[in-house]
There are 2 protein chains.
Amino acid sequence: MRTIIIVEEMNKIKKTKQREAILEILKNTKSHPTADEVYQKVRQKIPRISKGTVYRNLKLLTENKEVMKIDTGGTEGRYDARVENHYHFRCESCGKVFDVDVPVDTELDKKVSQKTGFNITHHVLEFRGFCSDCQKKAIISPSGDKNKEEV
Amino acid sequence: MRTIIIVEEMNKIKKTKQREAILEILKNTKSHPTADEVYQKVRQKIPRISKGTVYRNLKLLTENKEVMKIDTGGTEGRYDARVENHYHFRCESCGKVFDVDVPVDTELDKKVSQKTGFNITHHVLEFRGFCSDCQKKAIISPSGDKNKEEV
DNA sequence: AAGTAAATAGTAATGAGAACTATTATTATA
DNA sequence: TATAATAATAGTTCTCATTACTATTTACTT
Ligand SMILES: [Mn+2]
Ligand SMILES: [Mn+2]
Ligand SMILES: [Zn+2]
Ligand SMILES: [Zn+2]
């Protein structure tokens with residue numbers, strides 16, 4: 001009787017056109033789309049793709065670090081093919097998310113690690129406010145008008 | 001016929017023991033509880049309180065800036081009676097959230113505002129990694145054991 | 001070409017949170 | 001204090017993002 005040690009019993013990941021299409025879409029957009037937005041886009045190429053497939057592959061791609069999930073700001077996750085750590089800005093009016101290209105402060109992680117004793121792997125930084133478009137659109141309503149009433 | 005101008009037709013907020021109990025709980029904890037955790041806690045004082053009441057009041061208190069909602073890190077919102085901006089650390093193993101007391105970099109907001117043209121009101125910063133407890137608990141499994149197999 | 005295991009489409013289930021509604025509690029007023 | 005007005009509650013249903021399930025299809029191995 002021979003003894004065989006199987007060193008690695010790895011799950012083999014098969015290449016599919018669905019997953020490739022999803023990755024391609026994320027590589028070609030800067031808008032940080034939600035799962036549903038990715039779904040709408042990929043349907044143009046693969047009309048019979050199911051939403052479950054989109055979710056499953058977004059998760060897989062995230063686990064494999066081929067894309068990153070932005071989990072800040074409420075309910076919907078957003079996806080980003082730019083996988084190295086970087087910062088974002090989220091408009092509190094329209095909800096759009098933009099890249100903010102200032103250097104990532106890795107020293108801060110070390111500093112806080114020292115101070116707190118936590119093992120810090122990274123940090124997530126999101127700026128909030130109003131984007132250029134929403135600033136333009138903002139209409140200052142005449143003071144009090146809404147709640148004035150004649151009796 | 002007299003003309004009366006009602007300058008302000010304000011929604012009057014009534015004081016309730018439910019809302020006061022919720023606020024009290026948040027003021028007396030540092031653990032950044034979820035809505036459900038607040039619900040479990042407040043039931044000890046008001047057993048017949050409903051979950052909807054907890055959600056509604058957490059929203060109201062957040063709108064009134066008496067508490068703040070932490071909306072980073074996935075699905076569940078967490079609540080914090082410390083309302084001035086400050087940073088957090090989230091353990092990626094147990095999910096606990098801790099305060100990180102380093103000064104908030106408001107200059108960064110100005111800098112990014114200038115650079116991008118966004119009207120930035122604030123930023124949200126969350127450190128990620130493993131808390132002290134989870135570092136201790138971590139057991140390094142003998143290399144490959146899990147996937148070794150005898151045939 | 002045949003065998004296998006992973007991935008898919010389609011559908012059902014889950015779970016956080018919001019909406020709805022009849023009843024109750026709080027505040028204003030006579 | 002009694003009465004009236006209306007905000008808030010309890011309990012329930014609904015919504016919506018995401019995951020789980022399952023029979024069928026597809027990709028890779030031999
Ligand atoms: Mn990005
Ligand atoms: Mn805090
Ligand atoms: Zn905007
Ligand atoms: Zn932990």
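Only this structure's heavy atoms are used, side chains among them; waters, hydrogens and symmetry mates stay out. Each chain gets a letter, A, B and so on, in the order its sequence line appears, and its residues count up from 1.
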ask   = Between Asp80(A) and Arg82(A), is there a donor-acceptor pair closer than 3.5 Å when you use the side chain of the first and the backbone of the second?
value = yes
Whole-Å distance, Glu76(A) CD to dA18(C) P, equals 14 Å
Worksheet item: Across the strands shown, which category fits Asp36(A) at heavy-atom distances under 4.0 angstrom: base, sugar-phosphate, nothing?
Response: nothing
N/O (side chain, Arg19(B)) to phosphate O (OP1/OP2, dA8(D)) under 4.0 Å: yes
*Does dT19(D) have OP1 or OP2 sitting under 4.0 Å from an N or O in the side chain of Arg56(A)?*
no
Does a salt bridge link Lys110(B) with Glu107(B), judged by any charged N lying under 4.0 Å from a carboxylate O? yes
In whole angstroms, the gap separating P of dA27(D) from CD of Glu20(A) amounts to 10 Å
From CZ of Arg78(A) across to P of dT18(D) the rounded distance in Å is 11 Å
- Message: So for Lys14(A) and dA5(C), does any side-chain atom that can act as donor or acceptor lie under 3.5 Å from a complementary atom in the base?
- Response: yes
Here the distance between atom C1' of dA4(D) and atom NZ of Lys12(B), to the nearest Å, is 13 Å
message = Just N and O in the side chain of Thr53(A): are any of them under 4.0 Å from OP1 or OP2 of dA9(C)?
response = yes
Atom CG of Asn57(A) and atom P of dA6(C) are separated, to the nearest Å, by 15 Å
Lys59(A) has its side chain closest, among dT19(D), dA17(D), dA5(C), to dT19(D)
Glu37(B) CD to dG17(C) C1', in whole Å, measures 16 Å
Taking 4.0 Å as the cut-off, does a side-chain nitrogen or oxygen of Gln18(A) come that near to OP1 or OP2 on dT26(D)? no
Look at the side-chain N and O atoms of Thr16(A) and state whether any lies under 4.0 Å from the OP1 or OP2 oxygen of dT8(C). yes
Between CG of Leu61(A) and C1' of dA7(C) the distance, given in whole Å, is 13 Å
Rounded to whole Å, CD1 of Ile22(A) lies from C1' of dT8(C) at a distance of 11 Å
| Does Lys14(B) offer a backbone N or O that forms a donor-acceptor pair with the side chain of Arg19(B) under 3.5 Å? | yes
Q.
Between Tyr55(B) and dA18(C), is there a contact of a side-chain N or O with OP1 or OP2 at under 4.0 Å?
A. no
**Message:** Between Arg78(B) and Gly73(B) (side chain of the first, backbone of the second, donor and acceptor by atom type, cut-off under 3.5 Å), is there such a pair?
**Reply:** no
Judged by nearest nucleotide, the residue sitting upstream toward the 5' end of DNA chain C, Val54(A) or Lys15(B), is Val54(A)
**Report entry** Salt bridge Glu20(A)-Lys17(A), side-chain N to carboxylate O under 4.0 Å
**Finding:** no
With the side chain defined as heavy atoms from C-beta on, Ile13(A) is closest, among dA16(C), dA7(C), dA10(D), to dA7(C)
